[in-house]
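Below is one structure, written out as structure tokens; comments come after it.
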There are 2 protein chains.
Amino acid sequence: MAKHPSLAAVVQRLEDRGLRVTAPRLSVLAAAAAGAEDQFSAEDIESRLPQVGRATIFRTLKLLVEMDVFCRVLLDDGNLRYRWSRRGHHHHLICDSCGAIEDFTGCDVTTLMQDLARRTGFTARGHWLEVYGRCAACHSRAAVSQ
Amino acid sequence: MAKHPSLAAVVQRLEDRGLRVTAPRLSVLAAAAAGAEDQFSAEDIESRLPQVGRATIFRTLKLLVEMDVFCRVLLDDGNLRYRWSRRGHHHHLICDSCGAIEDFTGCDVTTLMQDLARRTGFTARGHWLEVYGRCAACHSRAAVSQ
DNA sequence: CTCTTATTGACACATAGTCCCATTTCCACA
DNA sequence: TGTGGAAATGGGACTATGTGTCAATAAGAG
Ligand SMILES: [Zn+2]
Ligand SMILES: [Zn+2]
Ligand SMILES: [Zn+2]
Ligand SMILES: [Zn+2]
């Protein structure tokens, strides 16, 4: 599975929404794909694109998040990262020790929500979940160095 | 159940940690208790306490969050609120329509986590969950106005 | 009452954005 | 191929939410 969708697919989705395919938008996509990491901060994009206005960068990030091209990841320290979205409902597993982020689908909070509705009369429309811990790679690394 | 713990209890916890009970700290607690809402922003506190330095307000908020006197609530729009913590592991149900926040204990994400570990080898240390939807009161209000 | 040390306040700086508006650019259509 | 109108941009000011520094102050133990 590719780290991120083809540019053509994103362009298609922009056009489908009647939005323009502009140079700044393409630059942001390129800058997001350029990093070694699969995650990036707004600042990363800014510094990779000094010729693009800051307001435009934030507008574009917001747009691409709305379009589910990128998703936001809330780190344990409260900082925010962006990441190519795997699209559709998913959450993130964030490794404390190496900082890697994995996606995690098959979120089964529904039973939790149903239980909730029964108990409190609150109907959930959505939720935000981030999981912090230690990834498999860091586990084996730790096991080896023991 | 009281909206917030007694001042004496908080003072006790400060002393237990060897921290000083100072006028600014007491003011922040008073300002947090003063609002009509059970939630408040850093800015609310600032505006209620013009005589207290901004840095002190943020330092105090941070301290009280660490002490689990307050908790942070992440709204759907990304804004942050503070709230008297019910203490211990819990999450929030945030009503889209009236903005009310309810606490929700008995979070059973553990099975989810175990499943996760089996599938991905990721061991969860903690998690952050906020639930957005519609509260019971807003449901009945909607039913009446139909 | 006095000493030590935690804490404060002022201010500069940082990050993550938003808002405004004149200018530019895309692109549908003639 | 040209062009008008809408969409998007860039620059700059502004906001919210913090953090870091440091000299001055004050809590509270003895
Ligand atoms: Zn790791
Ligand atoms: Zn989910
Ligand atoms: Zn409500
Ligand atoms: Zn939980």
Side-chain angles (χ1 to χ4, degrees), chain A residues 7 10-32 35 39-67 69-83 128, chain B residues 7-8 10-32 35 39-67 69-83:
Chain A
L7 197 57
V10 179
V11 166
Q12 186 58 57
R13 276 153 66 197
L14 279 170
E15 287 170 345
D16 290 350
R17 291 183 54 156
L19 298 173
R20 292 182 180 168
V21 179
T22 64
R25 283 176 182 164
L26 293 171
S27 318
V28 169
L29 288 165
Q39 57 181 274
F40 46 92
S41 62
E43 211 279 324
D44 289 336
I45 304 294
E46 275 187 73
S47 64
R48 286 174 204 161
L49 299 175
Q51 76 280 16
V52 178
R54 244 169 59 82
T56 301
I57 288 177
F58 281 101
R59 273 189 296 241
T60 305
L61 285 174
K62 193 178 194 176
L63 173 67
L64 291 172
V65 167
E66 269 164 24
M67 287 175 61
V69 172
F70 294 159
C71 54
R72 295 156 168 271
V73 182
L74 186 66
L75 301 187
D76 206 14
D77 62 10
N79 283 348
L80 196 66
R81 286 293 129 82
Y82 294 85
R83 173 180 167 84
W128 176 274
Chain B
L7 196 57
V10 180
V11 166
Q12 185 58 57
R13 276 153 65 199
L14 280 170
E15 286 170 347
D16 290 350
R17 291 184 53 157
L19 299 173
R20 292 180 181 171
V21 178
T22 65
R25 283 175 182 165
L26 294 172
S27 318
V28 168
L29 288 165
Q39 57 182 271
F40 46 92
S41 62
E43 210 279 325
D44 289 337
I45 303 296
E46 274 188 75
S47 65
R48 285 173 204 161
L49 299 175
Q51 75 282 13
V52 178
R54 248 171 53 83
T56 300
I57 287 177
F58 281 100
R59 275 189 294 242
T60 305
L61 284 174
K62 192 178 195 177
L63 174 67
L64 291 172
V65 168
E66 268 164 25
M67 288 175 61
V69 172
F70 295 158
C71 54
R72 293 155 169 271
V73 182
L74 187 66
L75 302 187
D76 206 13
D77 61 10
N79 283 348
L80 196 67
R81 285 292 128 81
Y82 294 86
R83 173 179 167 84

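To find a chain, count down the sequence lines: A is the first, B the second, and so on, and within it residues start at 1. Every heavy atom of this structure was used, including side-chain atoms; hydrogens, water molecules and symmetry mates were not.
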*Arg25(B) has an atom CZ; how far is it from atom P of dT25(D), in whole Å?*
19 Å
*Kindly assign one of parallel, tilted or perpendicular to the pair Phe40(A) and Phe70(A), based on the angle between their ring planes and the thresholds 30° and 60°.*
perpendicular
*Side chain of Arg54(B): nearest nucleotide among dT17(D), dA8(D), dG9(C)?*
dT17(D)
*asked:* Applying a 4.0 Å non-hydrogen cut-off, can you work out what Ala55(B) is touching in the nucleic acid: base, sugar-phosphate, or nothing?
replied: base
*Of the candidate nucleotides dA16(C), dT8(C), dT19(D), which contains the atom at the shortest distance from the side chain of Glu43(A)?*
dA16(C)
*CG of Asn79(A) versus C1' of dT17(D): gap in Å, rounded?*
12 Å
_Can you build the contact string for nucleotides 22-30 of chain C? Use B for base contact, S for sugar-phosphate-only contact, and - for no protein heavy atom under 4.0 Å._
---BBS---
*Would you check if Thr22(B) and Thr56(B) make a side-chain contact, meaning some heavy-atom pair closer than 4.5 Å?*
no
*Which nucleotide sits closest to the side chain of Tyr82(B): dG18(D), dG9(C), dA16(C)?*
dG18(D)
*Minimum heavy-atom separation for Leu14(A) to Arg20(A), with atom names?*
CD1-O, 4.3 Å
_Those residues that, when tested against Arg25(A), pass side-chain hydrogen bond (donor to acceptor under 3.5 Å, both in side chains) (two or more places apart)_ = none
*Rounding to a whole Å, what distance do you find between Ile57(B):CD1 and dT7(C):C1'?*
15 Å
_Tell me the closest heavy-atom pair linking Leu7(A) and Leu29(A), and the distance in Å._
CD1-CD1, 3.8 Å
*What nucleotide, of dG20(D), dG17(C), dC19(C), holds the atom closest to the side chain of Leu80(A)?*
dG17(C)
*asked:* Minimum heavy-atom separation for Arg72(A) and Trp128(A), please, with both atom names.
replied: O-CH2, 3.4 Å
_Side-chain donor/acceptor contact of Arg59(B) with base of dG18(D) under 3.5 Å_ = no
*Measure from CG on Leu26(A) to P on dA8(D) and round the result to the nearest Å.*
13 Å
*Once you round it to whole Å, what is the distance between P of dT15(C) and CZ of Arg81(A)?*
11 Å
*Between P of dA8(D) and NZ of Lys62(A), the distance in whole Å*: 14 Å
*How close or far is atom C1' of dG17(C) from atom CG of Leu61(A), stated in whole angstroms?*
11 Å
_Residues which pass side-chain contact (heavy atoms from CB on, under 4.5 Å) with Phe58(A), listed by chain and number, not counting sequence neighbours_ = Ala42(A), Glu46(A), Arg54(A)
*asked:* If I take atom CD1 in residue Ile45(A) and atom C1' in nucleotide dT9(D), what distance separates them, rounded to the nearest angstrom?
replied: 17 Å
